[in-house]
Every structure is written in structure tokens, then in C-alpha cells.
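If you're wondering where the values come from, they're calculated on a predicted model, not measured in any experiment. Reminder, nothing fancy here: chain letters follow the sequence lines and each chain counts from 1.
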Number of protein chains: 4
Amino acid sequence: MAGSVNKVILVGNLGRDPEVRSMQSGGRTVSFSVATSETWNDRTTGERKEKTQWHRVVIFNEKLGEIAEKYLRKGSKVYVEGQLETRKYTDKDGNERDITEVVIGRFKGDLTLLDSRGGGTAEFEDEGPAVQRGSAARTAPARQGGGWDSRRELDDDIPF
Amino acid sequence: MAGSVNKVILVGNLGRDPEVRSMQSGGRTVSFSVATSETWNDRTTGERKEKTQWHRVVIFNEKLGEIAEKYLRKGSKVYVEGQLETRKYTDKDGNERDITEVVIGRFKGDLTLLDSRGGGTAEFEDEGPAVQRGSAARTAPARQGGGWDSRRELDDDIPF
Amino acid sequence: MAGSVNKVILVGNLGRDPEVRSMQSGGRTVSFSVATSETWNDRTTGERKEKTQWHRVVIFNEKLGEIAEKYLRKGSKVYVEGQLETRKYTDKDGNERDITEVVIGRFKGDLTLLDSRGGGTAEFEDEGPAVQRGSAARTAPARQGGGWDSRRELDDDIPF
Amino acid sequence: MAGSVNKVILVGNLGRDPEVRSMQSGGRTVSFSVATSETWNDRTTGERKEKTQWHRVVIFNEKLGEIAEKYLRKGSKVYVEGQLETRKYTDKDGNERDITEVVIGRFKGDLTLLDSRGGGTAEFEDEGPAVQRGSAARTAPARQGGGWDSRRELDDDIPF
DNA sequence: TTTT
DNA sequence: TTTT
């Protein structure tokens, strides 16, 4: 749509180590879940309450995926900037269901490590992502293979 | 979780008029779907492609809900700032499913009309939302009724 | 710095037509000012008040610059996503001063037209910006000339 | 302006301890500078380059100010969400100058501590900011004194 | 300098 | 003035 914006910004911690999956196109995705939580004082009881939300993040960019795979672990704190995408999948009982994910695409999105143990950053900048740590070879976005809709080619039906 | 951020920013158009629903708590919610879309040139065919995403937006803030009800219509362009929330619901076949929504809560979020026909804005500012049009009475946030988790009390199981 | 984020999101109207300038490097920048405003009810008098802020936006990306030049005019409503940058300049009296701008860089940022008259969008996606209108030739980001710090080579000292 | 958005999101480190200042209205502001930086590989030399930006953050919300004063120190990593504001001030030579700041206002903005040493969060939610650490008394936003434009009453002319 |  |  002309003139639309679809942006999600999360700061939270990974619930588990990232998972790497292969697509039929040959590309890979790296995915993980990020927890965010709200805390508030209950209006009537005065109790402290907390509600945690889990967000499924999927990375389609090869370089950011490598960095996620290399540096993110269960418990890592990250800044994620991606797009909201809802897709269909077929569950184990053969029923079609929806799953909504935060997608860091091939040419859009951001991933920044916030852990003090060695924060790094990886974004779409300059002639390639600015990676502060690690020695991954630089690759210009435009030369990366795979199409934008390659995520439709995921090998499996179970989303997570 | 200490130190987390959960933010969604959308600019898009409503697919239908907003829907108003009552909660058992007596409060109301106003909800609607917003379309955003990406366009790109297919890498191999060179074709122009477009993918539309639909986002379910739910407003729990009374004042913003009133404004949405009053000024938003099918086709309206809006700026929405809310939080990602995934909740369970039971579908018509009795199966438990997940639905992810962009929630404009009682004390957090933003809604801005972008239509030239009379853009308005409604946010949590000053002593109440700054409403540029309409004559809705001002209500200080802290005096609004209902609790943060009142959305769990929705009257029905079908999410949209 | 490892793990940093610098992001500005604006929705507002242009005060004047965009200005195009040439850099010594041969590249061009397109810049314009965007107005945003807050309205609120004065706590004591109850009066409706409004405060307008002007934001200087500078585009270093050739394609987005072309689109801005082509489609943005005085009064146009836009969504801008850029980075905050403060730089020194020498004013007409020879004094060094600071100017803070919202920069849409070569490989980062977003510009979306929100006018009903023909909203368009132009972002860093896929193999080039997704331009919904106009016929500007597609150019892959990695092939664009000029360096990231080329903005230091602006031909003149007066920032706006 | 009807339908405008003015939002800055920063993740970075404080260059010094926060500074507390009193306003003639009796309120206080807490301010500090946050550094963000970009790194990239120079296109011609291949050298690793880095450019740091400093952002002036000013907090007008009493509760968030207290938290900043209590928990932020030189080197602390924070997530800041505020508004861009440019104001005039008179420098030591009597010249009028502009300074642009990221303002966390009375009813708008966010501050989240990202340090592993004990991340906390403080936002405008529910009946008061959700503070995960510290024992600051809760205060409902609507009961806080001072007006939105009280920042115009700053006691001094020198901005930082 | 915009817009409402 | 931070951080890596």
C-alpha cells in the first residue's frame, strides 16, 4: 500500500538459544523468542502484577542470522526492529492456523545486542551491516541471494 | 521483565469501520484492522509484487476508543502506536488458538488520524489526550476505571 | 558504540518545498523542514494551547532524494524515519554553531508520503527502494557512489 | 498540528552522571547526555570508522527524573523514548542560539535501564510508572504539579 | 515555514 | 562525556 509503515521495536531477553532452519531455496532463517513484560500495581488490591509476552522473531537476512546464531543465547538481551507478519501454517492435526511473527527481512530491520558481556550491533548500513564484533565477511545486500518471498518456501509446517 | 520494550508502529488504512464491544467490566473496546503493504520488484522476473498484511488493533482506552469510533471509517489512514499482545481464544470448533493484536492500552499508545479530510490526533499527553477535534470531555488517565488486565474479561471468545 | 540505537520518527507537514544542494563529492542532498505540534489544555486557564516544532530533515540517499524532490511540496504530509545528527557550522558572523538534523542516510531511513493526493512510499527494501509511484530507475544500494561521511563535504557553511 | 508524530528512540550510554536542576515553578528536571555511534567500513580505504553522536536528554516527569537520578550513572546504558524539541538560549557572549534536546515530558516518554547490573523500567503505564526496582512512592501522573510549558521557566540560560 |  |  502506498504510504504504509509496519514496524515493531522490542527490547527483551531470549527464552532459548536461537534456532537455525534451512529453506528449500537454500537460504537459512534464524529464529528465537523474545520476552517482554509489563508490571503494574493492581488498582483494587494494590498488588504488584506482571504480564509477560513472548514474541517470535525470524531473521531472513543472512548476515544478521549469522550474528544471531553466533552471539545470541538463552537469556541474551536484544534490541530488535522488524516487521509484523502473519502467515498460515498447518498444525499437527492438519488444521490451518495463523502465526504472527516479527520479521527481520533481507533489506530491512535491525538487531542489536544489549548484553554488557559484549554488546554488538548489526544493521543495514553503509556497504553492509556494521558488525562490531566477529569476523564475518562483509556482503553487500544487493548481492545476497534469495527472494523476498522465499520465506514461503520454509521446509516445514510447524512454526516453532 | 526489567528493562523491556514492546512497541508497534503502524501507518495504514482501515479495512472496515471500527467495531465496538462491551466487556463484562463495563468498559468498552474499539477494534479494527489496519492494512500495510510492501511492494518490491521480483528478483528473477522483474515483476512488481505486493504483499499486504492485516493487523488487528484493539483500543482499551476509553477516550481513544471514542475518537476511533467517531472519526475512523473503512479506508481511513491512521498512525497507530501500541503493544504486541498474543492471547488465547476458543474458536467455533472449540479449539484453543492464538491471536496476536496491537493493543492501545489504558495508559500507553497513540492514535493519529492522517486523513486530509480532517486529521486529528489523540495521545496520552498533558492532563489528558490531546484531541484536536471533537468535543469529548477530558478525563484524566488516573481517574479512568477498569484495570489493566480487564481485557481478559472480554465477553466473547471470537476475536474478530 | 556497540549496541546503540539512534532513531527519529516524524509525521508532519513540510513548511516549504524541498531544497536540493550539491556536495563537492558530486552527490546531492535534498532537505526540508517538517512541522509537528503538540496541543494541550492549559492546567490553570483551561485554554487550548499549541506548540509547533520544526525539524530539519536531510536526505543523503540519491533515490529517496529524487522522490522527495519530485513528490514533496510545501504542505505535504510525510512519515520520516532517520537518525539524529548534530554538526558544527559557521554562521554568517563567523561563529561556530551547532545544528541538529534528522538524517536519512544512504543505507538507513525511510520516507513515506501520506498525502491522499497520491501517497507513495520509498524505503530501503528488496533490491532497491519500493517506490509506488513515479518511474525512477531502480538502483541497488551497494552500487551507489559517495561515502558515508561525504556529508562533511557540503559546499557551504550555512545549514538552512 | 493535527496528525503529527514526534518521536525519538535512543539506546546508548551516559557520558556523565545525570544533572538535576530546579525550575522557577518548583519542579525539577534531570538531564544527561547519551552517546550513540555508527561504525562502517570506509568505501575506499577499507578502514573501520566510527562516528559518535551525543544527544541531550531532559526529563520533565518527576517520577522518571527521580529514577534517572537514583539509578543512572556515567556509563549506564539506557533506552530513551522522547520528543525532539529545539529551543533558544542565550550563550555566555549574549548571543541567541538553538539547542535541540530529546525531551521526556510529563505525560509522554519512556526510560528503561538496560544495564545488566539491575535493569529497571519506568514508563507511563497504569496508575503510574512501572518501576521494577527502587522504592519510590507511586504518584499518578494527573496529580503531578507544573504545566506542560513549565520548561520555559528554566532558571538559567545555559543549556548544558 | 506547515497543518488543524 | 559513554561504550566496544
| query | Under 5.5 Å between ring centres and under 30° between planes: true for Trp54(D) and the base of dT1(F)? | reply | yes
Mind calculating the distance between [atom1] ([X]) and [atom2] ([N]) to the nearest angstrom?
| X | N | atom1 | atom2 | value |
| --- | --- | --- | --- | --- |
| Asn41(C) | dT4(E) | CG | P | 20 Å |
| Leu114(A) | dT3(F) | CG | P | 16 Å |
| Asp98(C) | dT1(F) | CG | C1' | 15 Å |
| Glu38(C) | dT2(E) | CD | P | 19 Å |
| Leu72(C) | dT2(E) | CG | C1' | 13 Å |
| Leu113(C) | dT3(E) | CG | P | 15 Å |
| Gln53(C) | dT2(E) | CD | P | 16 Å |
| Arg16(D) | dT1(F) | CZ | P | 7 Å |

| field | Salt-bridge criterion met for Asp98(D) and Arg87(D) (N-O under 4.0 Å) | value | no
| task | Look at the side chain of Ser4(D) and the base of dT2(E), then say whether one donor and one acceptor between them are separated by less than 3.5 Å. | result | no
| field | No-H, no-angle donor-acceptor pair, Thr36(C) side chain to dT3(E) base, under 3.5 Å | value | no
| request: Let me know which of Glu19(C), Arg21(C), Arg56(C) forms a side-chain hydrogen bond (donor to acceptor under 3.5 Å, both in side chains) with Ser31(C). | output: Arg56(C)
| field | Residues in side-chain hydrogen bond (donor to acceptor under 3.5 Å, both in side chains) contact with Glu96(D), at least two apart in sequence or another chain | value | none
| note | Of the candidates dT2(F), dT1(F), dT4(E), the side chain of Asn13(D) sits closest to dT2(F)
| message | So, using salt bridge (charged side-chain N to carboxylate O under 4.0 Å, His left out) as the criterion, who are the partners of Arg97(D) when residues are at least two apart? | response | Asp91(D)
